[in-house]
Amino acid sequence: MSSTLETLEISTSETPTAAVIWMHGLGADGSDFVPIVKELDLSGCPGIRFVFPSAPAIPVTINNGYVMPAWYDILTTDLIRREDEAGLRKSQIEIEALIAQQIALGIAADKIVIAGFSQGCAMALQTGLRYPQKLAGLMCLSGYLPLSDKTEAERHAANQHTPIFQAHGRGDPVVLIDRAEKSRDLLKQLGYQVEWHEYMMPHSVCAEEVADIGSWLRRVLA
């Protein structure tokens, strides 16, 4: 299975033995988080291949049908009352194909982190919780758990104990922190190991968060 997504890649060594597949948010593209790699303290980590895919451009309902990069359609401002289940599942297949590509390149599944911001965070959870092989971790930034009413039935036992890093801004006007907290609480209720962080920031990334991401990556990939 091969992915049709365009990707940007950065490796921290010539022979990486770990990978981070990092999905951007609505309207951005694979270049969005590339600059953060050089800001991460990855001392003690193995060589890492960072893979930044770009979502396909689709009409987004909440933006009056404007065509932009999106992992799935956004139908309502509350994000979950009506969800684009078909779009979520289509992008899940594409991300699973990216994981398969890394495994084919010699990186073990349990050395692969699935990461994402906003919509990308939703895709990290949508894909990672259902993935049939143990992953290294799920990094969930400024987003939420999609299809939450189906998570318990569809999750795979392989990632029941996979570490989850969840971070959010207290002043986020796009994905309200209440939505993220409800996702966190449901994940904990289902027995997942969630490491929760919140910061004084809007719908963005801050320096303190970048430091915490580096620390977490060092733990899950070392």
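The residues of the chain are indexed from 1 along the displayed sequence. Small disclaimer: the values here were computed from a predicted structure and weren't measured.
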Nearest non-hydrogen partners of Ala19 and Ile107, listed with the distance:
CB-CD1, 3.9 Å
Phe52-His24 aromatic ring centre distance below 6.0 Å
no
Could you report the tightest heavy-atom contact between Lys111 and Leu221, atom names first, then the distance?
NZ-O, 3.3 Å
In the structure I gave you, are the side-chain heavy atoms of Val210 and Leu40 within less than 4.5 Å of one another anywhere?
yes
Would you say the side-chain atoms of Thr162 pair up with the backbone N or O of Ala136, donor to acceptor, closer than 3.5 Å?
no
Quick one: sort the Trp22 and Phe50 rings into parallel, tilted or perpendicular, breaks at 30° and 60°.
tilted
Whether the side chain of Ser11 engages the backbone of Arg49 through a donor-acceptor N/O pair (distance < 3.5 Å, no angle test) should be reported.
no
So, Thr4 and Glu94: side-chain donor and acceptor under 3.5 Å apart, yes or no?
yes
Main chain of Gly120, side chain of Ser118: is a donor-acceptor contact present, judged purely on distance under 3.5 Å?
no
Is it the case that the side chain of Gln102 and the backbone of Val20 share a donor-acceptor pair, with hydrogens and angles ignored and the cut-off at 3.5 Å?
no
Could you give me the CA-CA distance, side-chain angles and deciding distance for Arg130 and Glu96, then say whether salt bridge (Lys or Arg N to Asp or Glu O under 4.0 Å) is met?
CA-CA 10 Å; Arg130 292 164 174 80; Glu96 287 173 347; over 6 Å; no
Would you mind checking if Glu83 and Lys150 are paired as a salt bridge, meaning a charged N to carboxylate O distance below 4.0 Å?
no
What heavy-atom pair brings Ala180 and Gly143 nearest, and what distance separates the two atoms?
CB-O, 3.6 Å
Which salt bridge (charged side-chain N to carboxylate O under 4.0 Å, His left out) pairs, counting each pair once, include a residue from residues 205-222, with sequence neighbours left out?
Asp41-Arg218, Glu195-Arg219
Looking only at heavy atoms, which two atoms of Leu135 and Gly128 are closest? And how far apart?
CD1-CA, 3.9 Å
Do the two ring centres, one from His168 and one from Tyr199, sit under 6.0 Å apart?
no
Evaluate the side-chain proximity of Ile21 to Ile112: yes if any heavy-atom separation is below 4.5 Å, no if none is.
yes
Listed by chain and number, what are the salt bridge (charged side-chain N to carboxylate O under 4.0 Å, His left out) partners of Glu14, not counting sequence neighbours?
none
Val113 and Val220: which non-hydrogen atoms are nearest, and at how many Å?
CG2-CG2, 4.1 Å
Would the distance check show the side chain of Asp172 and the main-chain N or O of Val175 forming a donor-acceptor pair, the cut-off being under 3.5 Å?
yes
Could I get the full list of side chain to side chain donor-acceptor pair (under 3.5 Å) partners for Asp84, not counting sequence neighbours?
none
